[in-house]
Each structure stands twice: as structure tokens, then as C-alpha cells.
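Input: a single structure, listed below in C-alpha cells.
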Amino acid sequence: MTTLLKLATQTKILIVDDNPDNLRLLAKILESQSYSVRKSLNGRMAIQAIHRHPPDLILLDINMPEMNGYEVCQQLKACETTAEIPIIFISAIDRMEDKVHAFELGGVDYITKPFQEQEILMRVKNQLLIQQQHQQLSEQHQCLEQEIQKRLRAEAEVKQLSLTDELTGIYNRSGFFLLAEQQLKMARRTQTTCYLLFVDLDGLKKINDTLGHEMGDRAIVYTAEILKQTFPDSDIVARIGGDEFAIFIPASIDNTDNFETRLQANIDCFNVKHDNSYQLSMSLGVKQCHWHENFSLEQLVTQADNLMYERKRSKCSATLKADGK
């Protein structure tokens, strides 16, 4: 057996009719089922009452002075706040064209006078049930949309976390290879030269052994911040290992010393500003990527890594010679 989703005592019904006898009769029929009933003798008063306290259902007479039922319906359907209130027309007019016009204006049902009590109650009950089920479906749809949005946000956060390094907040190895691979393909399609840089933080083991791992982690974070400061957002800056970083520069740069000079200047500036018990230092390997070369991204990273270690060995040799003097 079908039951209403909302209690009758919670259901508000407005009756609009210029005939007081019809108002009293309809109100008596509906109140016998515990509906909360309000009455209005004309269309203008009804519209004002509806905007103040929107009902769940409207029983609307058609033939009324000043403003007939069609005009009332038209105004209500034109307003966003009242457009969804179901309207049942009640009229002595039994012509097909009038019924069609009532439905065209947005009426949900049409009852002809003289009406029967059981007919009124069943038609009212059916429309309330339809309306309340529609509201329930709308609420379920909104909840579903909210759940979908939550899930999409959660998936985006998980994806972001899977592509970023937890310690530094820059891209991790997976994020670097995903994005740099796309940029490398684009460089080959557009026939442009790009650069791959491999950066190693010098002396991390010594920092960890002498000053502790917390200071070592801080040095890694400082390195990431300096790299982000040196390279624009269009470049892909990532931490791909413990003390190893990679930068993919998608656009061609004429002067390869330019970004090396900027990086060293930022490192020197950091060391001056931060009174640390160590001097931050990095070794850099630069691999130019020509669009016609058939190297994989992994191979380019390895080549840049090798170039970085050559620089590091040269730096160590120079330091040893200086200490020997």
C-alpha cells in the first residue's frame, strides 16, 4: 500500500476560490484528513500568501474576478521560488481546450465541479505523493552529486600526493617522469631543443653524520626551495632520490650558463642569509636534448647524472688540491 512520504499534519495546502462556500467545503474535506489548510478569496491575495509561506500544494479556481486562475498559475510558474509548487485546477468549465490550456500553463491536474469528496482526496494525495517523491529524488540526486564531487576531490588529492614528494612538496620521481615524458614528446613534435638537469646535494652524508638527519632533511628542503626559486613554473622540478633532483626545461635556451649562474647566485645568497653550521652546495649535470635524437627520458636522466658526477669529481679534486696548498 502506497503511503505519503510526509505526514498530513505537516502538509500545507492553499485553496484559492472566490466562492466562500467552495472554500469552506474544500477546507472541510481536506481538514478531515488532518491537512493544514489555508484559504484565499482572490488571486492577488493568494500570490502574496504563497510568497510569504509557500504551500506544498495549491487548489486553484479558474473563474475569479481581477485575476483568474490561469493568470495566477502563470505568475507562479514564472517565479523560481514558486515554480515547483504543484497546482490542481478546480473549475466548472469542462471544455477540452480549457483543460489543455491549464496543463500547458503548468497545472498538474484538473478537477471539474461539482466534485466528489473521494475524488478530491485521491487526486490531492496522488499529487502530494508525486511531489514529495520528486523532492526525495532531487535530494538523493544532490547527495549523490556531493558524494561524486567528494570522491573526485579525494582522487585528485591522492593523485597529487602520488606525484609529489612528501618532504619537499615538489614533484617526486613518478611525477617527474609522467610530466617530463609529455614535454619531451611535445619538444620532438615541435622540433625544439630542451634541457635535462641533474642536481645532487653535496655532502648530505656528512651533514647527517655530524649534525643529524633532521638537519639533513632541512638541507634537502632548502635545496628544493632554491631550485623552485631558480626555475620558473613552466620547468619541471622534482626530487627523484634521497639527495638527487632533476629539472626538465621544455623550451630552448641559447645560453646554457644562464640558469647555472642563477642557481649558483641563489645558493650563495642562501648561504649568506642563513647562519648554518654548513655551507649548502650542489653539483649540476646538464644534458641538452635535441629533438631528432632518439633517446628515452630514462637515458637522458642517466646521461645528465653521469655529467653531474663528472662535475662533482672535478669539484672534489679542486678542493683537495686547494687543501694541499
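Residues: numbered from 1 along the sequence shown. Remember, it's a predicted structure, so these values are computed and weren't measured experimentally.
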For [X] and [Y], which heavy atoms make the closest approach, and how far apart are they?
X: Ile220; Y: Gly242; result: CD1-O, 3.3 Å
X: Gly43; Y: Met67; result: C-SD, 4.1 Å
X: Ile249; Y: Cys194; result: O-CB, 3.1 Å
X: Thr230; Y: Arg262; result: O-NH2, 3.0 Å
X: Gly107; Y: Phe89; result: CA-CE1, 3.9 Å
X: Val37; Y: Glu31; result: CG2-CG, 3.7 Å

Residues Leu26, Ile90; criterion side-chain contact (heavy atoms from CB on, under 4.5 Å); working and verdict: CA-CA 11 Å; Leu26 284 169; Ile90 298 182; 4.0 Å; yes

Heavy-atom donor-acceptor pair, [X] side chain to [Y] backbone, under 3.5 Å:
X: Ser138; Y: His134; value: no
X: His141; Y: Leu137; value: no
X: Gln131; Y: Glu84; value: yes
X: Tyr70; Y: Asp98; value: yes
X: Arg311; Y: Gly285; value: no
X: Glu71; Y: Asn68; value: yes
X: Lys287; Y: Gln303; value: no
X: Arg239; Y: Gly241; value: yes
X: Arg38; Y: His53; value: yes
X: Gln299; Y: Ser296; value: yes

Side-chain heavy atoms of [X] within contact of [Y], under 4.5 Å:
X: Pro54; Y: Thr82; answer: no
X: Ile13; Y: Ser36; answer: no
X: Leu30; Y: Leu121; answer: yes

Can you measure from [atom1] ([X]) to [atom2] ([Y]) and round to the nearest 0.5 angstrom?
X: Gln118; Y: Ile29; atom1: CD; atom2: CD1; value: 9.0 Å
X: Cys73; Y: Ile62; atom1: SG; atom2: CD1; value: 9.5 Å
X: Asn22; Y: Leu59; atom1: CG; atom2: CG; value: 11.0 Å
X: Gln10; Y: Gln132; atom1: CD; atom2: CD; value: 9.0 Å
X: Leu184; Y: Leu196; atom1: CG; atom2: CG; value: 8.5 Å
X: His101; Y: Lys99; atom1: NE2; atom2: NZ; value: 15.0 Å

Parallel, tilted or perpendicular: ring planes of Phe259 versus Phe231, cut at 30 and 60 degrees: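 Taking Phe231 first and then Phe259, their aromatic rings sit tilted (interplane angle of 30° to 60°).
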
Ring geometry between Tyr110 and Phe103 (parallel below 30°, tilted from 30 to 60°, perpendicular above 60°):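 Aromatic pair Phe103/Tyr110 classed tilted.
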
Test item: side-chain donor near acceptor, Asp56 and Thr11, under 3.5 Å: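 Their side chains do not contain a donor-acceptor pair, so the 3.5 Å distance test is not met.
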
Residue pair Glu310 / Asn306, side-chain donor-acceptor N/O under 3.5 Å: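 No, because no side-chain N or O of Glu310 sits under 3.5 Å from a partner of the opposite role on Asn306.
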
Residues Ser283, Asp200; criterion side chain to side chain donor-acceptor pair (under 3.5 Å); working and verdict: CA-CA 5 Å; Ser283 296; Asp200 186 81; 5.6 Å; no

Other residues, nucleotides, ligands: >12 heavy atoms within 6.0 Å of Glu97 CD: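 Yes - once you tally the heavy atoms of other residues, nucleotides and ligands closer than 6.0 Å, there are more than 12.
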
Neighbour count >12 (heavy atoms, 6.0 Å) for atom CD, Glu80: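 Check fails, neighbour count at 12 or below.
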
His290-Phe295 aromatic ring centre distance below 6.0 Å: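 Ring centres of Phe295 and His290 not closer than 6.0 Å.
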
Ile240 with Tyr171, same ILVMFWY side-chain cluster at under 4.5 Å: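 Both belong to a single hydrophobic cluster.
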
Hydrophobic cluster identity match, Leu307 and Val237, side-chain contacts under 4.5 Å: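 Not linked; separate clusters.
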
Asp165 and Thr168: CA distance, side-chain angles, deciding distance, side chain to side chain donor-acceptor pair (under 3.5 Å) verdict: CA-CA 6 Å; Asp165 177 58; Thr168 63; 2.7 Å; yes

Worked verdict on Ile88 versus Leu60 for side-chain contact (heavy atoms from CB on, under 4.5 Å): CA-CA 6 Å; Ile88 298 177; Leu60 181 59; over 6 Å; no

side-chain contact (heavy atoms from CB on, under 4.5 Å) partner of Lys113, chosen from Asn19, Ile93, Asp94, Asp61: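 Single side-chain contact (heavy atoms from CB on, under 4.5 Å) partner of Lys113 among Asn19, Ile93, Asp94, Asp61: Asp61.
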
Residue among Gln48, Met45, Met64 satisfying side-chain contact (heavy atoms from CB on, under 4.5 Å) with Ser40: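 Considering Gln48, Met45, Met64, a side-chain contact (heavy atoms from CB on, under 4.5 Å) with Ser40 is found only for Met45.
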
Any pair counted as side chain to side chain donor-acceptor pair (under 3.5 Å), so long as it reaches residues 172-185, sequence neighbours left out: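 Found Arg173-Glu298.
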
Working for side-chain contact (heavy atoms from CB on, under 4.5 Å), residues Lys125 and Leu129: CA-CA 6 Å; Lys125 185 175 181 180; Leu129 181 61; 5.6 Å; no

Criterion side-chain contact (heavy atoms from CB on, under 4.5 Å) on Leu280 and Met282, from CA distance to verdict: CA-CA 7 Å; Leu280 198 67; Met282 304 178 203; 4.2 Å; yes

Short N-O contact, Lys206 and Asp209, less than 4.0 angstrom: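 No, this pair does not count.
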
